[in-house]
Amino acid sequence: MGREHPEVTGPEQWTVSVCVDYLAAVDRLRVGDWGGSTFDYRLIPTVGQPLQAPTKVAYYQVMRRFLSDIQSWEWARLRCNPRYHLSTPKNIAKYLGVNPRTIDDASWLKLTWASLNIEPDDLSPDCFYPFALLQAIAVVWTHAGLRSNEIARLRVGCTREQSEDVVDQSGNVVPAGQVCWIDVPEGKTSVAYTKPVGYAVHKYITAWMKKRASPRKHLDRRTGEHVHFLFQLRNRPIAKEVLNQTVIPLLCKKAGIPIEDSKGRITSHRGRASAVSMLASVPQGMTIFDLAKWCGHTSVQSTMSYVRSKPTQLASAFAKADQAARMIEIVIDKEVIAAGATKDGAPWKYYDLGDSYCSNAFWSTCPHRMACARCYFNIPKPSAKGVVLAAQQAANRLLEEVWLSPEERDAVSGDVEALEGMLNKLRDKPALDGRTPGEISATCGSQVSSPFTESE
């Protein structure tokens, strides 16, 4: 305010133009701007970089609340509406969505393998964590899809075996011992809940429990309870940073992959996103509602941000849709085939062109197929023969794939110039009966000729 509007000395002088300048000033802020004398630039590696969208939104929210309180308590009469004139701009709000970055599929599979196959010799000489502790944490991270805070706050006795067969509503049977149950403590978005995970989680947690000491209880700062944490060492709970600083580098070394992939550094939360995405993308994977319960989300919208379509899935979906776009319906006259009239050249295969049928059995190779010239092979649907074909019970309706040239693809997609160019190219090209489209239009006008009479 001192730089842009020195004349403004109180909240009651804030106008719409002042609000606009404030929105623009925050949008241009960079890390370190307006830092006081105590700001140590050496400790902040992001100095000079633009502020992230959530930080900008926090600035806007603080100012809105400040001015709204002033007006609510009648300390001053404002000349602007804080909730409206200081609302977050759309160009910033669009970056607020959750965007978890999944780990590359190949790297994630290798990390999962490494969590089950690490050995004591893989630990560095200066590592003071017990091997059983690190392996249990690694398996929970790769198989349970939990946040680092939830992993660090797991309690003693949080897993139990599936002792009996489980039969779902569809009659599918999950044999005993295939999964185990894990009790997840209260987290960021949910209350405590229980979910099924792979049996390996119970196996390696049990192995750690055999070596774990029995220290005293500690305070769970989120719930206010004194509990026995599962992952404790030397009478102190482990910090959640052990995942990013110790476990993940250990797994990357074992798997023979770098600590960074195509999307950046591999972190604990990226592992959670990969675990959830894997369960959603495999054939007959979990539904979005089941995933929401498995993740502990209270809203399905939170789970949607974790589900990512794999490039292979996207390519397969496009290929199927692209193939369907080249399909055209054909009508097979079974009565003509049964009567043997096909030997005499009687038409038996009709291509549905929308407002008419084409009785040319080789329509897919006709140069006028995308702009029918209305030759003798064309049968209008309002004609007697067209009505018979539409109502015939013995006819088979099938789909046939038609390969389109690049020019035809452009015409189908709605490119007007490509359509006019194709029509001009075909204007003097003869149809199957030897006449050009121009000759057909001149002789028939709006009438469409057909090899069948109305009585037929």
Side-chain angles (χ1 to χ4, degrees), residues 1-5 18-67 82 86-104 107-108 111 124 126 137 141 145-153 187-189 221-222 238-253 255 257-277 301-302 304-306 308:
M1 296 300 296
R3 183 185 65 185
E4 301 292 339
H5 295 278
V18 175
C19 293
V20 171
D21 291 341
Y22 177 77
L23 293 175
V26 172
D27 191 25
R28 292 192 296 263
L29 276 179
R30 295 179 177 273
V31 178
D33 288 354
W34 302 97
S37 58
T38 59
F39 186 82
D40 193 346
Y41 291 86
R42 298 172 299 176
L43 302 178
I44 310 297
T46 58
V47 167
Q49 297 181 10
L51 294 183
Q52 297 292 328
T55 306
K56 297 178 182 179
V57 171
Y59 276 102
Y60 296 145
Q61 185 176 5
V62 167
M63 187 55 67
R64 281 198 305 269
R65 183 60 182 268
F66 171 66
L67 294 179
L86 287 176
S87 60
T88 303
K90 293 183 179 180
N91 66 317
I92 297 176
K94 66 181 181 181
Y95 295 109
L96 293 178
V98 180
N99 185 28
R101 299 169 298 154
T102 57
I103 301 173
D104 294 343
S107 299
W108 177 244
L111 290 172
S124 60
D126 57 344
I137 296 175
W141 177 62
L146 298 178
R147 303 179 181 91
S148 59
N149 176 268
E150 293 170 341
I151 295 176
R153 293 173 47 243
K188 182 176 68 172
T189 60
R221 295 184 180 277
R222 181 172 293 275
I238 65 165
K240 62 179 182 179
E241 288 77 15
V242 70
L243 260 172
N244 291 329
Q245 298 177 2
T246 304
V247 175
I248 293 178
L250 172 63
L251 295 180
C252 290
K253 181 180 178 181
I257 60 175
I259 195 65
E260 295 185 357
D261 61 358
S262 60
K263 300 176 184 177
R265 184 179 176 86
I266 297 176
T267 61
S268 60
H269 204 70
R270 291 187 61 192
R272 171 179 164 86
S274 296
V276 176
S277 298
Q301 296 298 324
S302 301
M304 288 293 295
S305 61
Y306 287 89
R308 294 288 187 272

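Formation of a donor-acceptor pair under 3.5 Å by the N244 side chain with backbone atoms of S268 is found in this model. Between the side chain of R270 and the backbone N or O of T102, at least one donor-acceptor pair lies under 3.5 Å. Side chain of T88 to backbone of V57: no donor-acceptor contact under 3.5 angstrom is found. Counting only distance, with no hydrogens or angles, the side chain of D261 and the backbone of D104 share a donor-acceptor pair below 3.5 Å. No donor-acceptor pair under 3.5 Å is formed between the side chain of R265 and the backbone N or O of E260.
Proximity of L111 to I266: side-chain heavy atoms (C-beta onward) are separated by under 4.5 Å at one or more points. Using a 4.5 Å heavy-atom cutoff, the side chains of V26 and M63 are not in contact. For the pair V18 and M1, the minimum side-chain heavy-atom distance is below 4.5 Å.
For T267 against W141, the heavy-atom pair with the smallest separation is O-CZ2, 3.6 Å. In this structure, A152 and I238 approach most closely via the heavy-atom pair CB-O, 4.1 Å. Across all their heavy atoms, L23 and S87 have their closest contact at CD2-O, 4.0 Å. The minimum heavy-atom distance linking V31 with P50 is given by the pair CG2-O, 4.5 Å. For P89 against Y60, the heavy-atom pair with the smallest separation is CD-CE1, 3.6 Å. Taking every heavy atom of both residues into account, A275 and G145 meet most closely at CB-CA, 4.1 Å.
Here the CG atom belonging to L251 is positioned 9.0 Å from the CD1 atom belonging to I259, to the nearest 0.5 angstrom. Atom CZ of R221 is separated from atom CZ of R153 by 12.0 Å, given to the nearest 0.5 angstrom. Here the straight-line distance linking atom OG1 of T46 with atom CZ of R30 works out to 11.5 Å at 0.5 Å rounding. With rounding to the nearest 0.5 Å, the separation of CD1 in I248 from CD1 in I103 is 6.5 Å. Rounded to the nearest 0.5 angstrom, L86 CG and F66 CZ are separated by 11.5 Å. Residue I257 holds its CD1 atom at 4.5 Å from OG of S107, rounded to the nearest 0.5 Å.
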CA sep, side-chain torsions, deciding dist, call: D27, K56, side-chain contact (heavy atoms from CB on, under 4.5 Å)
CA-CA 7 Å; D27 191 25; K56 297 178 182 179; 2.9 Å; yes

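Under a cut-off of 6.0 angstrom, the local environment of CD in E241 is crowded, with over 12 non-hydrogen atoms contributed by other residues, nucleotides or ligands.
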